[in-house]
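Taking it in order: structure first as structure tokens, then the write-up.
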Amino acid sequence: MTQNPETIIIEDIQGGLAKVFKELNLTGKPIIQETAKKSTFGDYCTPIFQIAGANKRNPQELAKIITENFPKLNCVEEVSAEGGFVNYKLNRAYCSRLILSKILANEKFYQSDLYKGKRIIVEHTSANPNGPIHIGNFRGSIIGDTYARILKAAGADVLTNFYVDDLGHQIPVLVIGYELLKKFDTVPTDIKIDHLLGRIYAITHTMYDIQKIKKELKEKYDLILGKDINWITKEEVKQMEASLKKKNVSIEEQKTQIKQSEFIINIQTDIYKRFKKFYKILKNCLEKESIDLTIAVPDLNRRYMSNEKDAVKKVRATCEDALRGQREELAILGIEHDNYDWEADLQWSGQVDATLTSLNKNGFLIEDGKARLFDANKAADLEGARKYLKMKPSYEIPKPILVTSTGDTLYLLRDIAYSLKKVDHYSADKVFNVIGKGQELSQRQLNLAVRAVCREDAANKMWHLNYEFMELQGALTSMSARRLQYITPLELYEKTHEAVMENFLQKRDYPQKEKDDIARIVTVGAIKYSIIAIGLMRKLLFNPQEVVSLSNNTSPFIQYAFARSQNILAKTDFSWSKKKENTLESLFEDEEWQIVLSLAKLPSIVLNAAEQIKPELICNYLFELANLFNKFYDAHRVLDAETEELTIARLALTYATGKQLTEGLNLLGIESPSRM
RNA sequence: GGAUGUGUAGCGCAGCCUGGAUAGCGCGCCUGGUUCCGGACCAGGAGGUUCGGGAGUUCAAAUCUCCUCACAUCCGCCA
């Protein structure tokens, strides 16, 4: 039994149509859709053209005949024919009562059979634990979090997962730098831990690169540059250039060496300029122990990979610190994850090796020198693979490297194991990987690899939730962890918060505590909404001024409409009871009716958003509803309406509108303040 | 060269999956109302050589198919 009033109305009309079709002996499935111009044609309509064609009739005439024979329905007041369309004008009194009474009685009717009882995993953010989250991942965080909420509303059992990439040589670099700082100096506390670790990582990595270059020069060409192994200068590069020339090194090799050195000088200069004091501190720490990073880094990496106790202790401690900082930052935006899956755990459990063995056994590995590639094309020929991944038969998919010539496994291999874990360990029916554009190729390769280990079932549950990049208006466009060039969510928050205060909140004379609360809620809302409101595949330019604007399609605009509605309700002691349902039949004005119709749409909007992966549909809906409410507010009085009955009905309408606005904002993880 | 995405008014976008009536919305611009249950509002108007361009399918195309142009991103030893 359906409870959704919109569905009840449409099914009622469908029943009427079925009856007419039977009487007139017509074939075909008529559709019911909203009319283009509501005021002139009615609320819903059915185009008759196809039906007419199938039954060899003239559309205009047939529409007229259907209209004449249409049975009397509770929902429908008038049926009319116009240019091949059958138009239905709904009975406002009856439908208003039907729709509003259900909303006022607190009934929710989102549940979809498609998702009921289904376990769905949404993996998002998954930032490296070597620094803060930046707005590259952050758009994914908002999309993932919001989509998870929408899926939950649609009846799914949703888990959000964060994949912690604690393998790969970027981690030991960070760990060593961090450990040395703790040993020889004090850890600064005036900066968030993840931001601090980001700096340690970038600086240590720079010195690691310098050591590597200098060591190679010494071993290969017996060339010693300067006395500081952790610092490189332009003069040294010139000296190197001259020496290499003298030693008859090939021009090509000269070029690579020089290019590498110049690249790293660039980074060194850049970071040093911006973080002089801290750079010096960290460099000092490194010199106190005179560690050879070119040995220490791979060594720690190897020991961590093989699960050696002291290595695990150190690495985990650092990663946990970074993760804690990232979580704090997400928490500001009201985002948290259900599960954290560590990459190393997969390695240690043997699942990664098992995957490699299985790929090998099934004949999907290709050897290229000492490296091993995945034969993605062979996997693409497996039953159903090309169709699922929308790959043309002619498309030759590049073969990714799984194991390097030095024997190191690469992330794609571990990702295969992780994909299986998501399906098996978490018993997922569907897995969404929220990962930015630029990962399309590897996500396809991953899906094919899962098929190659005979897990077509798992591959058919995986879905890459793709999204475009995001930039901050007026800021640099390319993000680089190595150069410490990134915009963090915190920065976004602060800029937006500032705009909120400037734009309107400063002028308010609310108590400070309430002011702070409102500012926080509005800021968070503005950020989330602006990211969700635009289609996933569109480039996003974040502008703090625009996202808090009160006349755009923004969260503050909708929150303001909500505050207005609550303001009216606060002036009375409105409470709803079933006894008052009769009054709902007194809403006849266009402005009222448009709201009622819109209120009924939320459930189908939620389902569409879930099924089509379009969270932006919620935003469009809220914007429409807020606009309709503003029109109503301007055109009609609520508290002193013509009759007492009408006041009650309009209060109910106002209350129900506020309810749907809150409901919709909630789906986006946005709160609604009752005044702003 | 290949893959994917985007192209709709001066600007920012919705509609495309599932083809339907005069292509919507916001900003900006012009005109007017409203000092109210919070003007952070509302009404009207100008603005698209008709949806990057071309062909096709259809009674009907912004929407489906094919071709083409522009821009963005990705394409073996980082993750």
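No hydrogens, no waters, no symmetry mates; every other heavy atom, side chains included, goes into these values. By convention in this document, chain letters (A, B, ...) are assigned in the order of the sequence lines, proteins followed by strands, and residues within each chain are numbered from 1.
Residue A:Met391 is out of contact with every strand shown, counting any heavy-atom pair closer than 4.0 Å. As judged by a 4.0 angstrom heavy-atom cut-off over every strand, A:His205 is placed among residues making no nucleic acid contact. Within 4.0 Å (heavy atoms only), A:Pro398 reaches sugar-phosphate atoms of the nucleic acid but no base atom. Using a 4.0 Å heavy-atom distance criterion, A:Gln439 is classed as a base contact. Residue-level contact check: A:Lys370 touches neither bases nor backbone, having no heavy atom under 4.0 Å from any strand. Residue A:Ser551 is classed as a sugar-phosphate contact, given heavy-atom separations below 4.0 Å to backbone atoms only. Counting non-hydrogen atoms under 4.0 angstrom, A:Arg637 reaches a base of the nucleic acid. A:Lys399 comes within 4.0 angstrom of a base, heavy atoms only. Counting any heavy atom pair closer than 4.0 Å across all strands shown, A:Asn87 reaches a base atom.
Rounding to whole angstrom units, CG of residue A:Asp209 and P of B:C78 are separated by 12 Å. Taking atom CG of residue A:Leu540 and atom P of nucleotide B:U6, one finds them 15 Å apart after rounding to whole Å. Atom pair A:Arg444:CZ and B:G2:P shows a separation of 15 Å (rounding to whole Å applied). Spacing between atom CG of A:Asp590 and atom P of B:A43 amounts to 12 Å, rounded to whole angstrom units.
Between the side chain of A:Asn553 and the base of B:G26, no donor-acceptor pair of N or O atoms lies under 3.5 Å.
With both pairing distances under 3.5 Å, B:C41 is matched to B:G33 as a Watson-Crick or G-U wobble pair. Taking a pair to require two hydrogen-bonding distances under 3.5 Å in either a Watson-Crick or a G-U wobble arrangement, B:U4 pairs with B:A72. Pair check for B:C77 finds none; no Watson-Crick or G-U wobble contact set falls under 3.5 Å. Pair assignment for B:G48: none, as no Watson-Crick or G-U wobble contacts are both less than 3.5 Å.
One P atom belongs to B:U50, the other to B:G24, and the distance between them is 14 Å to the nearest Å. Separating the P atom of B:A21 from that of B:A55 is a span of 23 Å, rounded to the nearest Å.
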Listing time: all N or O pairs from protein to nucleotides 56-62 of chain B that are below 3.5 Å?
none

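For the pair A:Arg564 and A:Phe629, the cation-pi criterion (under 6.0 Å, within 45° of the ring axis) is not fulfilled.
A:Tyr88 and A:Thr46 share a side-chain donor-acceptor pair at under 3.5 Å. Using modelled atom types and a 3.5 Å distance limit, the side chains of A:Ser604 and A:Glu6 yield a donor-acceptor pair. A donor-acceptor contact closer than 3.5 angstrom is absent between the side chains of A:Glu546 and A:Asn552. Residues A:Gln445 and A:Ser442 have side chains that never bring a donor and an acceptor to within less than 3.5 angstrom of each other.
Aromatic stacking is not marked for A:Tyr395 over B:G2, as the cut-offs of 5.5 Å for the centres and 30° for the planes do not both hold.
Taking the six-membered ring where the residue is Trp, A:Tyr418 and A:Tyr163 present parallel rings, their angle staying beneath 30° rather than reaching 60°.
At a threshold of 4.0 Å, the pair A:Asp209-A:Lys212 does not count as salt-bridged, since none of the basic side-chain nitrogens sits closer than that to a carboxylate oxygen.
Taking side-chain N and O atoms only, A:Arg538 has a distance below 4.0 Å to OP1 or OP2 of B:A14.
Exactly one of A:Gln559, A:Glu514, A:Gln566 qualifies for a side chain to side chain donor-acceptor pair (under 3.5 Å) with A:Arg675. That residue is A:Glu514.
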